[in-house]
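One structure below.
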Amino acid sequence: MKVSVKVPATSANLGPGFDCLGLALPVYNEITVEETIMPGSGIEINVLDEQENLNVLSVPKDENNIVYKAIQLLYNFVGQNVSDIKITIKTEIPIARGMGSSASVIVGGLLAANELLGHPADEAVLLSIASAVEGHPDNVTPALVGGFCISSLEDDGSVVYSKIEWPQDWKLTLLIPDYELDTRIARSVLPESVSMQDASFNIRKCAMMIDAIHKNDGDLMKKSLSDKIHQPYRKELIKGFSELSELLKNKDDILGCVISGAGPTILIISQNKGFEKVENEVRQVFEDLKIKCEIRTYNIENQGAIVL
Ligand code: HSE
């Protein structure tokens, strides 16, 4: 028996919401989990690109694979062990770009395995296992439930989340460069602790941002999308981020420019075709820096993961 699941990409943090805010994007990975009939066949993990060619990525193909780890935790939850299993991942979400590719495969593997096992785990269990494997809940939550989510990984390992309606007119433009950035590296440049002043700055920006979203208030959103606890430390790793932040800060209908997740993709939030008005200037920034960059504009994805 095999089950396939489709899971959206995500963009986490959105400026001030480090490790707690995230939203889903309409780009998908498809994850298929199959219990193999041949006993002793072990683990088989295949990663395919969009043309369904085998992708020779440096993704672990054994017990160290994150999808396998997540599935193993789910099996443990029901008192079983994974023995012979085939996992196939068809990737459309760019890898190691800050668009939630790892969250999508973790969620996809869990959801598919949960189907195979006859639904022993509810949403809370799936989120808790997914966050334990990913390390934070801000990508896995919208990957599972779609939309814009505030999520909190509690001390007991459970996840509390709230899904909030995103203003329809607020567009999400992803500037996806042609280089990768490992999240572990992007996290390694962060300090162990931050000052009370910087923590207070982020708390008020985050709170303001949620109110801006509720009220569909672009001006308030623009005042909210800044951060002092991760972007200042990461900006040297994200080519073009400082230049773009400067370029876009006073542009009409550009609500903000933030690092997407741990980067290197940059997310621009705009309203009223705001991005179209600055697109040429944005392209010029990347041309001047001699960086190849793909630009994609999306509406939010509200459905989340689905079993096919
Ligand atoms: N919140 C995470 C980070 C997202 O910024 O490191 C990346 O997975």
Roughly how far apart are [X] [atom1] and [Y] [atom2], rounded to 0.5 Å?
| X | Y | atom1 | atom2 | answer |
| --- | --- | --- | --- | --- |
| Ile129 | Glu134 | CD1 | CD | 14.5 Å |
| Ile93 | Glu30 | CD1 | CD | 11.5 Å |
| Arg97 | Ser11 | CZ | OG | 14.5 Å |
| His136 | Ser131 | NE2 | OG | 9.0 Å |
| Leu73 | Tyr68 | CG | OH | 10.5 Å |
| Ile176 | Ser260 | CD1 | OG | 8.5 Å |

So, the side chain of [X] versus the backbone of [Y]: is there a donor-acceptor pair under 3.5 Å, distance only?
| X | Y | result |
| --- | --- | --- |
| Thr141 | Pro137 | yes |
| Asn202 | Lys228 | yes |
| Thr265 | Pro177 | no |
| Asn272 | Gly274 | no |
| Gln231 | Ile259 | yes |
| Asn13 | Cys20 | no |
| Tyr179 | Lys239 | yes |
| Asn114 | Ala121 | yes |
| Glu301 | Gly304 | yes |
| Asn216 | Pro167 | no |

So Gln80 and Asn76, side chain to side chain contact (heavy atoms under 4.5 Å, CB included) or not? Walk me through it. CA-CA 5 Å; Gln80 293 186 30; Asn76 292 348; over 6 Å; no
Using a 4.5 Å cut-off on heavy atoms from C-beta on, say whether the side chain of [Y] contacts that of [X].
| X | Y | value |
| --- | --- | --- |
| Ile150 | Tyr161 | no |
| Phe275 | Leu248 | no |
| Ile213 | Trp166 | yes |
| Leu21 | Asp138 | no |
| Ile85 | Glu34 | no |
| Ile71 | Ile87 | yes |
| Lys277 | Lys251 | no |
| Glu123 | Val145 | yes |

Salt bridge check: are [X] and [Y] linked by an N-O gap of less than 4.0 Å?
| X | Y | result |
| --- | --- | --- |
| Glu294 | Arg296 | yes |
| Lys223 | Asp219 | no |
| Lys249 | Glu246 | yes |
| Glu279 | Arg283 | yes |
| Asp182 | Arg187 | no |

Which atom names give the shortest non-hydrogen contact between [X] and [Y], and what distance separates them?
| X | Y | result |
| --- | --- | --- |
| Ser226 | Pro16 | O-CB, 3.4 Å |
| Leu23 | Phe148 | CB-CA, 4.0 Å |
| Asn64 | Lys69 | O-CE, 3.7 Å |
| Leu181 | Ala186 | CD2-CB, 4.0 Å |
| Ser104 | Pro8 | CB-O, 3.8 Å |
| Leu111 | Leu144 | CD1-CD1, 4.2 Å |

Do [X] and [Y] sit in one hydrophobic cluster, given that two such residues count as connected whenever their side-chain heavy atoms are within less than 4.5 Å of each other, even indirectly?
| X | Y | answer |
| --- | --- | --- |
| Trp170 | Leu220 | no |
| Met208 | Leu255 | no |
| Leu174 | Ile295 | no |
| Val133 | Val33 | yes |
| Val27 | Val47 | no |

Would you check if there is a donor-acceptor pair between the side chains of [Y] and [X] at a distance under 3.5 Å?
| X | Y | answer |
| --- | --- | --- |
| Thr10 | Asn139 | yes |
| Arg204 | Ser200 | yes |
| Gln271 | Asp169 | no |
| Asn65 | Glu63 | no |
| Asp288 | Gln284 | yes |
| Thr173 | Thr297 | yes |

If you count every heavy atom of other residues, nucleotides or ligands that lies below 6.0 Å from [X] atom [atom1], does the total exceed 12?
| X | atom1 | value |
| --- | --- | --- |
| Glu165 | CD | no |
| Asp156 | CG | yes |
| Lys205 | NZ | yes |
| Lys2 | NZ | no |

Would Lys171 and Asn299 count as a side chain to side chain donor-acceptor pair (under 3.5 Å) here? Give the steps. CA-CA 5 Å; Lys171 302 282 181 215; Asn299 288 322; 2.6 Å; yes
Identified side chain to side chain contact (heavy atoms under 4.5 Å, CB included) partner of Lys90 from the options Asp49, Leu48, Ile31: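 Considering Asp49, Leu48, Ile31, a side chain to side chain contact (heavy atoms under 4.5 Å, CB included) with Lys90 is found only for Leu48.
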Glu154 vs Ser152, side chain to side chain donor-acceptor pair (under 3.5 Å): CA-CA, chis, key distance, verdict: CA-CA 6 Å; Glu154 304 288 289; Ser152 166; 2.5 Å; yes
Ile266 vs Val258, side chain to side chain contact (heavy atoms under 4.5 Å, CB included): CA-CA, chis, key distance, verdict: CA-CA 6 Å; Ile266 294 169; Val258 294; over 6 Å; no
Residues which pass side chain to side chain contact (heavy atoms under 4.5 Å, CB included) with Ile306, listed by chain and number, not counting sequence neighbours: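 With sequence neighbours excluded, Ile306 shows a side chain to side chain contact (heavy atoms under 4.5 Å, CB included) to Lys6, Gln303, Leu308, given in chain and number order.
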Checking Cys257 against Phe241 for the side chain to side chain contact (heavy atoms under 4.5 Å, CB included) test, could you report, in this order, the C-alpha distance in whole Å, the side-chain angles of both residues, the deciding distance, and whether it holds? CA-CA 8 Å; Cys257 166; Phe241 181 64; 4.1 Å; yes
